[in-house]
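Written below as C-alpha cells is the structure these notes are about.
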Number of protein chains: 2
Amino acid sequence: MVQPHAIGRLSLYRRLLTDHLNPGTQFVFSHELATMARVSPAQVRRDLMHLDSTGSPSKGYRVDELVASLGNELDHPTGQLVALVGIGNLGRALMTYFQGRRERLAITAAFDRDPEKVNRVYQGCRCHHVEELETVLKRDNIRTTILAVPAADAQRMADRLVAAGVRGLLNYAPVPLRVPNDVYVEEQDMTTALERVAYFARERRPPRRED
Amino acid sequence: MVQPHAIGRLSLYRRLLTDHLNPGTQFVFSHELATMARVSPAQVRRDLMHLDSTGSPSKGYRVDELVASLGNELDHPTGQLVALVGIGNLGRALMTYFQGRRERLAITAAFDRDPEKVNRVYQGCRCHHVEELETVLKRDNIRTTILAVPAADAQRMADRLVAAGVRGLLNYAPVPLRVPNDVYVEEQDMTTALERVAYFARERRPPRRED
DNA sequence: GTAGCGCTGTGAGGCGATTCACAGTATCGC
DNA sequence: GCGATACTGTGAATCGCCTCACAGCGCTAC
C-alpha cells in the first residue's frame, strides 16, 4: 500500500517539522514543507493524504497535529528496540547519532566480538559479546537491527539475526544480504554511493528536477 | 541516458567480481552475478548491455574483460580526487573504509574545524582547517566531496563547496541540501533509513521480490 | 452576504525503470 | 556434421511512482 520511499519522506517531514521550523510556527503549507524537503508540493500532499491529520485551505496543516499523525504512522505504539552489531567507527557514529533522538526507537543492545569493547558502555548502551546475540535479542524481543560489521562477517551475522527473530535490517556492510523475503533489508552501501557521486560529478547530466 | 540506479549496480558488480568471486574464475553468467547482487538476471544483462565488453552464450562474460569495462565506465580516466569535510566518528569511518580501495578514486583532502584535528593525519590524509577549503579544493581541482558535518553546518558548507567548484556531493548530514541543479547530491540519511527499517520490521508487507 | 483567492485532496496521465519473452548464437555430445 | 541446449542481447509490455490539473472549500475582505 504505502510505498517505501514515502515512508522515508514521512520520517524526513517529521524531522523538518520538529527540528528546522521556527519555534512557535503553528501551521505549514505543503509548499513550505516541500521546499524544506526538496520535493514537489504535490508529493508532500500525496504523502500526507493517508494520514489522519488533514490540512485546511488558507492555513495549511497544523504542525502539532501533523507531527502527532506522523508519529502514529512511523512509531511503534509502545516503543521499539534496536540492536547494533559492530562497534567500529561507523557503529559508534551511528550510536551517537541516533541515541536520544526518538523516544520510541532506541538502540538498547550493542554487540562486538572485540574483547576490548565488550562490557564497555557506549552512549548509555552496554556492549555485549556477539555470542550473547541470540539470548539478548530474544529476551528483549528485538526485531530491528543495524549491521555495521566487516563484509566478511555480514552474511553470517545476518543469518544469525534472522534466526533470532529480526525482521528489519539496516546493512552498512558492503555486501548485499541474502535473507528470507519476509525480512526487510535496507542496503546502505557507501562505496556504491561514492562511486555514483563521483560518476555524476563528471561529464554526464545529473538526474535532477529544476528548482 | 544511463540511469542513476544502474551506475550504483555497476559499481556493485565490479566489487562482487573483484572481491567475492573464487580467485581464478574466468567467466560469469548473468544469473550468477544476479544472485550475488540480489537482482534479476535480466537486470544484469541490461545493465551490462551498454558496456563495450560482451558476453558469450555458454560461457557468459569474461571476468577480467568485464572488470575492465566497468572500470572504463565508472572511473575517471586518469583519477579523481575526493574531499571529506567533517572528521567525526562518521568521517573517520568513511575514511578507513574508502582509503586504498580504488586506485582512481581517493580521498586526498580532509577538513575539520576542530583545532585538535587540524594537521593530524588520518589514513594517510592530512586534515586541513575548514578555512583552507577553497584554496585546497581549487588547487587540486576537486569536484567530488563527502559531507559529514553536523546538520547545522551542512548547508553553509555545501554552499562553500559548490562555490569552490564541487559538482558531486555525498551528504551524510541529516538535512536535504539546496544546490544548483548542475550539482549532483546523494542524500545518505541514516535517521530516515533506520525509521524505514523499523517501520517495515513491523506489520506491513515489505517491498521485496521473491527469491 | 458574497465574491475572490489560494490551498488541499485526488483521479488521471505520464514517465522512467524493470521484467518478459524471444530471436540469435556459441558450444557440446554424438 | 548436426541437433539439442542454455545463454546473451534487446524490443515490447508492464509496473510503480510522481506530477498534472482541477474540483471543492475555508478564509478574508468588503
Side-chain angles (χ1 to χ4, degrees), chain A residues 1-10 12-13 17 25-35 37-63 65-66 69-70 73 176 181 187 192 196 200 204-211, chain B residues 1-10 12-13 17 25-63 65-66 69-70 73 176 181 187 196 200 204-211:
Chain A
M1 197 66 248
V2 186
Q3 318 92 316
H5 277 216
I7 299 298
R9 286 191 301 265
L10 293 183
L12 175 59
Y13 299 153
L17 290 173
T25 310
Q26 297 201 355
F27 290 87
V28 270
F29 291 120
S30 64
H31 63 84
E32 295 172 318
L33 208 43
T35 304
R38 316 257 63 216
V39 299
S40 73
Q43 180 75 84
V44 171
R45 293 201 301 277
R46 190 158 289 276
D47 288 338
L48 303 183
M49 205 172 90
H50 302 295
L51 267 47
D52 47 6
S53 113
T54 172
S56 99
S58 79
K59 280 197 173 175
Y61 302 86
R62 276 192 68 119
V63 174
E65 194 181 303
L66 190 49
S69 303
L70 288 165
E73 181 70 13
N181 60 47
E187 304 286 345
T192 286
R196 189 157 41 199
F200 287 112
R204 342 272 162 154
R205 266 324 73 206
R208 302 198 51 248
R209 182 171 47 260
E210 63 277 13
D211 278 30
Chain B
M1 196 64 244
V2 185
Q3 318 92 316
H5 277 216
I7 298 299
R9 286 191 302 266
L10 293 183
L12 175 59
Y13 299 152
L17 291 172
T25 310
Q26 297 200 356
F27 290 88
V28 271
F29 291 120
S30 63
H31 63 83
E32 295 173 317
L33 207 43
T35 304
M36 292 194 283
R38 316 258 63 217
V39 300
S40 74
Q43 180 78 84
V44 171
R45 292 201 301 276
R46 190 158 290 275
D47 288 337
L48 302 184
M49 204 171 90
H50 302 294
L51 267 48
D52 49 5
S53 116
T54 171
S56 101
S58 79
K59 282 197 175 175
Y61 302 86
R62 276 191 69 120
V63 174
E65 194 181 303
L66 190 50
S69 302
L70 287 165
E73 181 70 13
N181 60 48
E187 304 286 345
R196 189 157 41 197
F200 286 112
R204 343 272 161 155
R205 262 328 70 204
R208 302 196 51 247
R209 181 172 47 258
E210 62 277 12
D211 277 33

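Labels below follow one simple rule: chain letters A, B, ... track the order of the sequence lines, proteins then strands, and each chain is numbered from 1.
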At under 4.0 Å, does any side-chain N or O of [X] touch on OP1 or OP2 of [N]?
X      : N       : value
S30(A) : dT8(C)  : yes
R9(A)  : dC17(D) : no
S56(B) : dT25(C) : no
S40(A) : dC18(D) : no
Q43(B) : dT19(C) : yes

Are [X] and [Y] side-chain neighbours, meaning at least one heavy-atom pair lies under 4.5 Å?
X       : Y      : result
L48(B)  : T54(B) : no
F200(B) : I7(A)  : yes
T25(A)  : L17(A) : no

- Would you name the heavy atoms of E65(A) and S53(A) that are closest together and state the gap between them? OE2-CB, 3.5 Å

- Taking every heavy atom of E187(A) against every heavy atom of P176(A), the minimum-distance pair comes out as OE2-CA, 3.5 Å

Nucleotide [N], atom [atom2] - distance to [atom1] of [X] in whole Å:
X      : N       : atom1 : atom2 : value
H50(B) : dT10(D) : NE2   : C1'   : 10 Å
F29(B) : dA6(D)  : CZ    : P     : 11 Å
L48(B) : dT19(C) : CG    : C1'   : 16 Å
Q3(A)  : dA17(C) : CD    : P     : 17 Å
L51(B) : dG9(D)  : CG    : P     : 10 Å
L66(A) : dT8(C)  : CG    : P     : 11 Å
I7(B)  : dT18(C) : CD1   : P     : 12 Å
H5(A)  : dC18(D) : NE2   : P     : 7 Å

- Does any donor-acceptor pair link the side chain of R46(B) with the base of dT18(C) at a separation under 3.5 Å?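 No, the side chain and the base share no sub-3.5 Å donor-acceptor pair.
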
- Go through dC7(D), dT10(D), dT18(C) for me and flag the one nearest to the M49(B) side chain.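 Out of dC7(D), dT10(D), dT18(C), the nucleotide with an atom closest to M49(B)'s side chain is dT10(D).
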
- Message: Please identify which of these residues, T35(B), V39(B), D47(B), V44(B), meets the side chain to side chain contact (heavy atoms under 4.5 Å, CB included) condition with S30(B).
- Response: V44(B)

- Query: Axis-to-axis angle across the helix from dG1(C)-dC30(D) to dC30(C)-dG1(D), five pairs an end, to 10 degrees?
  - Reply: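 That helix has its two terminal axes inclined by roughly 10°.
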
- Item | Pairwise 5' ranking along DNA chain D for R45(A) and P57(B), keeping only the more 5' one | P57(B)

- Note on the structure: By nearest-heavy-atom nucleotide on DNA chain D, the more 5' of S58(A) and H31(B) is H31(B)

- Kindly write out the residues that satisfy salt bridge (Lys or Arg N to Asp or Glu O under 4.0 Å) with R62(B), not counting sequence neighbours, or none if the list is empty. D64(B)

